[in-house]
Each structure stands twice: as structure tokens, then as C-alpha cells.
Amino acid sequence: MSVVPATAAAGNEDGHTRGARAPFTLAVYGDAPYGTSPSDTSEFQATPMFIASVNADPDVSTVIHVGDIHSGKQYCTAGYDESIAALWKTFADPLVYTPGDNEWADCHKAGEGGGKYNTVTGQVDPVLDPATGRPVDYAAGNPVANLDLIRRTFFPEPGRTLGSGTLRVLSQAQLPNPAHPEDATYVENVLWVKNGTLFVTVNVPGGSNNDADAWYGAPTASQEQLDESARRTAADLRWLNTAFGLARIGGMSSVVVTTQADMWDLDGKPASHVANYEPIVASLASHTAAFGKPVLLLMGDSHVYRSDNPLSQGAPCTGDAGVCSYDAWNSHPSYDVPNFHRIVVHGSTVPLEWLKLTVTPGAHNPTTDTSFGPFSWTRVTKS
């Protein structure tokens, strides 16, 4: 691992040096825009005003979208992805995006326009457009093909961001790994540094890490599904190794990790539903403990705002829910990592909401529902 290309490509977007300690603010949102059906565009139509509200805040310097650009009741099409990309160009600040399950991993589901396994023929019957007789989803909902579409649409050039595009980041695709040349595929995994804080995104979608259920409702998972999950998880783990290695070597004061998946959300299912996340959870726990400084995890997926530390034994849930609606601390082996905190950003409902996250280097805020170490935040809504 070379520090030189990382510090060059992942430097501060405003030209400050790595040692700068000025406070800065980000806008974080996700699970938006959502629709209740393929034809429901109400949240999509509300998005320009939502973006304008973020643009109007002079404190915000960067926007993060934590994934899910449409709901699980909407189709996966190239046209829709392109429409979101066009909307995001109107952000006055750079936007960093990590893909969610609804726009690729779950596209196989019939409710999203994919299809259903036919037990008689042994083939997948795709959802067809009655007017054309063709599949409504891109590539009939194949998740691998849809992830490729997401990459072409939102990550056409490694290291460039969306929105204003003025933030340069380091993509996993830009950091050669001779032992694992396949990592060059993961252009969506990026990191950057701002005033002593290292930010890193990892492609970890909801649905038990690319869904524990077989694609299209088939009797067993296909080899393509098994390979996709295994290869991406391995690449994600190597990317976390790189990020935390750079944070330690570079003397970072804090780390922010962004994923789409709420890896502790059982969603009414048994603990096995989140078992495929355990390698990621274990990596976060071990790296955070070794780093010894504040690590904040940002995520969406479960839609309801939450602020807590699921890597703390027996800690109570905080946030609007008041108590855990799921047994977060039995979903994975017990950990006790006090310098860790996570925020689930509220999403999927109106009024559209974003999290105003401020990083104050050197601050030691108490751990509350709205603060942790150098981080403090408020929820902002725009109808």
C-alpha cells in the first residue's frame, strides 16, 4: 500500500493541507427519492426543491447519498438511473454516492420489475411491458448487469464525484493491487481526506449483503450470485484495510465509513438474515479498536433515523424509535468498541430529510443522540 497516491488523490477539496483543523459540514441523505409504485413520481418531483434547500445552506461543502435511489416497488431501468444522475448535477456541492440494494442487488425481484423463477420450466419469467412484450427492467433485472449500469451511469471516471464534481477522491479502481487485480472493478469504493478526517465508502447493499435469498426466487443461489457476493465482500474488506491503514499512517483524527446496508436490521427475520454481514462488521470492529479514535458509520436501508453504537455490549438504542425494534446486539457476535458510533439517516418518506453533519477537528463532544467526538448533527427537512 502506497501512501503517496492516496494523499495526493484523496486530498482536501478546498486545497487545505491534511493538517488543517477548520470545522466543515456535510449533507447526508439516502433512500430517496422513493415511490409507492413504478408510476409514483411525487418524491422525484420534490427532489429539485430538496436539492435547492441543500444548495442554499452556505455551511455545506459536500453531499453524501447513502444509497437506494428508488424504492423496492419501482423498476430498475437505465432511463431512471440517468434521470437521477441529471438531478444530481444540480447540486452546487460535490456529491459522493454509494449504491443501494434497490438499484441493483434487488432488481431481480418481481416487485422491482425483475422476474420469478418458473418451477415447471426451470427458467425465469421476466416481468414484461404489456405494450412492447419486453422485460421492464434493464437486463431483465440481473443484479450484476444492473451494478454495471450503475457504475457506467454514476462512476464513469474513477476518482471523479457527482454534483459539482469538484471533489477528487481516490477510487479502489485507481489503486493497483497486483495480488487482486479484480479490485479495479470496484470504482464505487472511494476515500478522501478533509481536515484530518478520512472518509471511505464501501459497496455493502441491504438485503443481507446482496440478499441471502436466491435471485428470482430460484431453489438455490446461482453461481453468479455466489461469486458476486464473495468477490465484492473480499474487495470491501481489502478497501477497509486500505482506508484504516492510511488513517493510522497519516495520523487522521477520525474516520467516517459509509455503507448503504443497516447490517443490524433483522427486518422481522431470524438472525441468519444478517449473517452475511459479519465479515464487514468484524472488520469495522477490529479496525476501529486498533485505530483508537472516533469512527462514525453512516448508513440508510432501514429508513428510520437511529443514533447508537451497535458495537457496544448491551447499549440502549437511541433516536426517535426509543428502543430497538430488532435485537441488534444478538445479530452478530458481541463486541465492545466504545470509540464507534453509527447513524441511520431517515429516508423513504416525505418531507424529504437530510442530516446536517458537522465535523469539528479536535472536539470531544459527549456521545448523545446528536453528537459523538468531533461530530455533531441535526436533522433538516424540506417538504
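Only a predicted model underlies this, so the values are computations on that prediction, with no experimental measurement involved. Along the sequence shown, residues carry numbers from 1.
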All side-chain contact (heavy atoms from CB on, under 4.5 Å) counterparts of [X], not counting sequence neighbours:
{"X": "Leu128", "result": "Pro126, Pro135"}
{"X": "Ala85", "result": "Thr153, Phe154"}
{"X": "Val124", "result": "Tyr216"}
{"X": "Thr220", "result": "none"}

Side chain Ser283, main chain Ile280, donor-acceptor under 3.5 Å = no
query = Under the side-chain hydrogen bond (donor to acceptor under 3.5 Å, both in side chains) test, which residues partner Asn365, sequence neighbours left out?
reply = none
query = Hey, are the side chains of Pro48 and Leu87 touching, using non-hydrogen atoms and a 4.5 Å cut-off?
reply = yes
Whichever hydrophobic residues join Tyr75 through chains of side-chain contacts under 4.5 Å =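 Once heavy-atom contacts under 4.5 Å are chained together, Tyr75 belongs with Val127, Val136.
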task = List, by chain and number, the other hydrophobic cluster members for Tyr138, where Ile, Leu, Val, Met, Phe, Trp and Tyr join if side-chain heavy atoms come within less than 4.5 Å, directly or indirectly.
result =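 Leu149, listed by chain and number.
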query = Taking the six-membered ring for Trp, are His70 and Tyr34 ring centroids under 6.0 Å apart?
reply =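 No; Tyr34 has its ring centre 6.0 Å or more from that of His70.
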Tell me, which pairs form a salt bridge (charged side-chain N to carboxylate O under 4.0 Å, His left out) where one or both residues lie in [range], sequence neighbours left out?
{"range": "residues 79-89", "answer": "none"}
{"range": "residues 350-360", "answer": "Asp57-Lys356, Asp59-Lys356, Glu353-Arg379"}
{"range": "residues 129-156", "answer": "Asp148-Arg151, Arg151-Glu188"}

ask   = Does anything in residues 168-190 pair up under ring-ring contact (aromatic ring centres under 6.0 Å, His included), and if so which pairs, sequence neighbours excluded?
value = none
ask   = In chain order, what residues pass the ring pair (Phe, Tyr, Trp, His ring centres under 6.0 Å) check against Phe155, with sequence neighbours excluded?
value =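 Phe155 satisfies ring pair (Phe, Tyr, Trp, His ring centres under 6.0 Å) with Tyr97 only.
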